[in-house]
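Atoms within each ligand, like the ligands themselves, are counted from 1 in listed order.
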Amino acid sequence: MPALVLLGAQWGDEGKGKATDLLGGSVDYVVRYQGGNNAGHTVVVGDQKYALHLLPSGILSPGCTPVIGNGVVVDPAVLLSELSGLNERGVDTSKLLISGNAHLITPYNITVDKVTERFLGKRKIGTTGRGIGPTYADKINRTGIRVQDLFDESILHQKVEAALDVKNQVLAKLYNHRAIAAEQVVEEMLGYADQLRGFVTDTTLLLNNAIDDGKVVLFEGGQGTLLDVDHGTYPFVTSSNPTAGGACTGAGVGPTKINRVIGILKAYTTRVGAGPFPTELFDKDGEALRTIGGERGVTTGRDRRCGWFDAVIARYATRVNGLTDFFLTKLDVLTGWEQIPVCVAYEIDGKRVEELPYSQSDFHHAKPVYEMLPGWSEDITKAKTFSDLPKNAQAYVKALEEMSGAPISAIGVGPGRDETIEINSFLS
Ligand code: GDP
Ligand code: IMO
Ligand code: MG
């Protein structure tokens, strides 16, 4: 099983970090292919808790080589501070590899992210404020700065000046913001060059050779399917492609090389930031999910919006990613409810709809159609096999599997590595 993609099937925070870390011990490379430090991946190893933003979750597995692919946007200051934070905790980060083609998040990209959100006021996206959207905009606009530019001072100078030429006009005239000096940006960026040089390589060549040699490569998505700029709830999305195709463009491997695509799926639903969310709860159940599930953002500390499981979304994730498996997380959080509502379809303008509507207005009007499933009260956090689960928990999982269109191959019953029920091996 040389190449697998692991990605979020909902709006992010499904537990991708834990799932990646779990597989990290058995894979040779873990590769981030999109996004940047907007991600917040929590990994719990024994009594140690790690919050990773930019680094692939495989960094915590000593035998695994972590790779930042060309599709990622890299804030060099964040990268270096994340590395030194891990080094201080005794984690060896020396194997990290970074694509020279990855784009850099510059200080002006962060400024633009913040001022545009402020300008949008009530219509804001609720971004993480990390400069993600503006950096991808520069990339597509062909005014971006790439990691390799750090190693050519004159090119870096030219590119930063070109990028700031227009931006400073917009900042001053539209946003009433002072101009940003190219000189200062270049100086700051050059200050990172020597510290990063040793990590930078041709990751596309490396990963293709690794796959050809039978090595196991895991592509780890940030964010989630419904935050995808093409397939998500646009414009309330991130500016990259967390869906499976993003692994190909964001790492430089062809689709024929990928054998398995695993969707990480929370047993209920959460979302951070603005945008439609049909099963969102505003009552005590929503509050209970937030409290029991610890649903607070790892990156921004914002409370996550919470709601019941939405099978329409799960089916959509199966479709647009070609999912071969699901990893169902946080089943333990649902312990204690007498009955658990599950959204099986939407009602839109009086009509029952089984598939995610392509029209934004329809999705904004979608009302969940719920089916009630019986709950359970037994503690499931010690369950090691599917049959250890109470009958109603088993039935809940089976019902979700039936509705979602791909087998549930693992179940999370707690945040720790060992709090997982493996049903089918991902690596066979
Ligand atoms: P990611 O962004 O997809 O990696 O997810 P986050 O780390 O932002 O959020 C998931 C949270 O759920 C983290 O605090 C994890 O430690 C925790 N978690 C993951 N799997 C489980 C699980 O099966 N049960 C419980 N109770 N917590 C889990
Ligand atoms: P992980 O990898 C949840 C959301 C933001 C906002 C929108 C755009 O931990 O699952 P951006 O800063 O990316 O331009 O913000 O996307 N968002 C996330 N929500 N989990 C994430 O990452 C997210 N990364 C971005 O809240 O609504
Ligand atoms: Mg997260």
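- Side-chain atoms of Glu401 and Tyr396 form no donor-acceptor pair, as typed in the model, at a separation below 3.5 Å.
- When each of Arg302, Arg305, Arg290, Lys266 is checked for a side chain to side chain donor-acceptor pair (under 3.5 Å) with Glu295, only Lys266 meets the rule.
- Taking 2.8 Å as the criterion, Gly40 counts as a coordinating residue of the Mg ion (ligand 3), since one of its N, O or S atoms falls below it.
- Residues Asn38 and Thr299 have side chains that never bring a donor and an acceptor to within less than 3.5 angstrom of each other.
- Between Thr329 and ligand 1, no N or O atom pair is found at a separation short of 3.5 Å.
- Under the 3.5 Å distance criterion, with hydrogens and angles disregarded, a donor-acceptor pair is assigned to the side chains of Glu220 and Thr20.
- Given atom 10 (C) of ligand 1, the protein heavy atom at minimum distance is Asp13 O, 3.8 Å.
- With sequence neighbours excluded, no residue forms a side-chain hydrogen bond (donor to acceptor under 3.5 Å, both in side chains) with Ser377.
- Lys330 NZ, 2.9 Å is the protein heavy atom nearest to atom 12 (O) of ligand 1.
- Using a 3.5 Å distance cut-off with no hydrogens or angles, the side chains of Thr269 and Trp308 do not pair a donor with an acceptor.
- Under a 4.0 angstrom heavy-atom cut-off, Gly12 registers as lying outside contact with ligand 1.
- Distances below 4.0 Å separate heavy atoms of Gly412 from the following atoms of ligand 1: 23 (O).
- Tyr33 contributes a side-chain N or O that, together with a main-chain N or O of Pro242, makes up a donor-acceptor pair within less than 3.5 Å.
- Closer than 4.0 angstrom to ligand 2 lie heavy atoms from Trp11, Gly12, Asp13, Lys16, Asn38, Ala39, Gly40, His41, Ile125, Gly126, Thr127, Thr128, Gly222, Gln223, Leu227, Val237, Thr238, Val272, Gly273, Arg302.
- Under 4.0 angstrom from ligand 1, the non-hydrogen atoms of Lys18 all belong to its side chain.
- For ligand 1, the polar-atom distance check finds an N/O of Gly40 within less than 3.5 Å of one of the ligand's N/O atoms.
- In this structure, atom 26 (N) of ligand 1 lies nearest to the protein heavy atom Asp332 OD2, 2.7 Å.
- Of the heavy atoms in Arg304, only side-chain atoms (C-beta onward) come closer than 4.0 Å to ligand 1.
- In this structure, Lys95 places its NZ atom where more than 12 heavy-atom neighbours from other residues, nucleotides or ligands lie under 6.0 Å away.
- Considering only non-hydrogen protein atoms, atom 1 (P) of ligand 1 sits nearest to Lys16 N, 3.5 Å.
- When only modelled atom types and interatomic distance are considered, Ser99 and Asn101 share no side-chain donor-acceptor pair under 3.5 Å.
- A side-chain contact (heavy atoms from CB on, under 4.5 Å) with Leu4 is found for one member of Asp325, Leu427, Thr324, Val261 and no other, namely Leu427.
- The N, O or S atom of Asp13 lying closest to the Mg ion (ligand 3) is OD1.
- Close N/O approach between Glu419 and ligand 1 is not found [any backbone or side-chain N/O within under 3.5 Å].
- Applying the 4.0 Å criterion to heavy atoms of His41 picks out, from ligand 1, the atoms 1 (P), 2 (O), 4 (O), 7 (O).
- By the 6.0 Å contact criterion, NZ on Lys257 is enclosed, its count of non-hydrogen atoms from other residues, nucleotides or ligands being greater than 12.
- Heavy atoms of Val413 found under 4.0 angstrom from ligand 1 belong exclusively to the backbone.
- Near Gly17, meaning under 4.0 Å from any of its heavy atoms, are these atoms of ligand 1: 4 (O).
- Nearest protein heavy-atom contact of atom 15 (C) of ligand 1 is Thr42 CB, 4.0 Å.
- Of the protein's non-hydrogen atoms, the one nearest atom 16 (O) of ligand 1 is Pro415 CB, 3.5 Å.
- For atom 22 (C) of ligand 1, the nearest non-hydrogen atom of the protein is Gly414 O, 3.2 Å.
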Applying side-chain hydrogen bond (donor to acceptor under 3.5 Å, both in side chains), run through Trp11 and Thr270 and close with a yes or a no.
-> CA-CA 7 Å; Trp11 275 287; Thr270 63; over 6 Å; no

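- A donor and an acceptor atom, one from each side chain of Asn321 and Thr225, are located under 3.5 Å apart.
- Using modelled atom types and a 3.5 Å distance limit, the side chains of Asp388 and Thr385 yield a donor-acceptor pair.
- A salt bridge links Arg304 with Asp13: the distance from a Lys NZ or Arg NE/NH1/NH2 to an Asp or Glu carboxylate oxygen falls below 4.0 Å.
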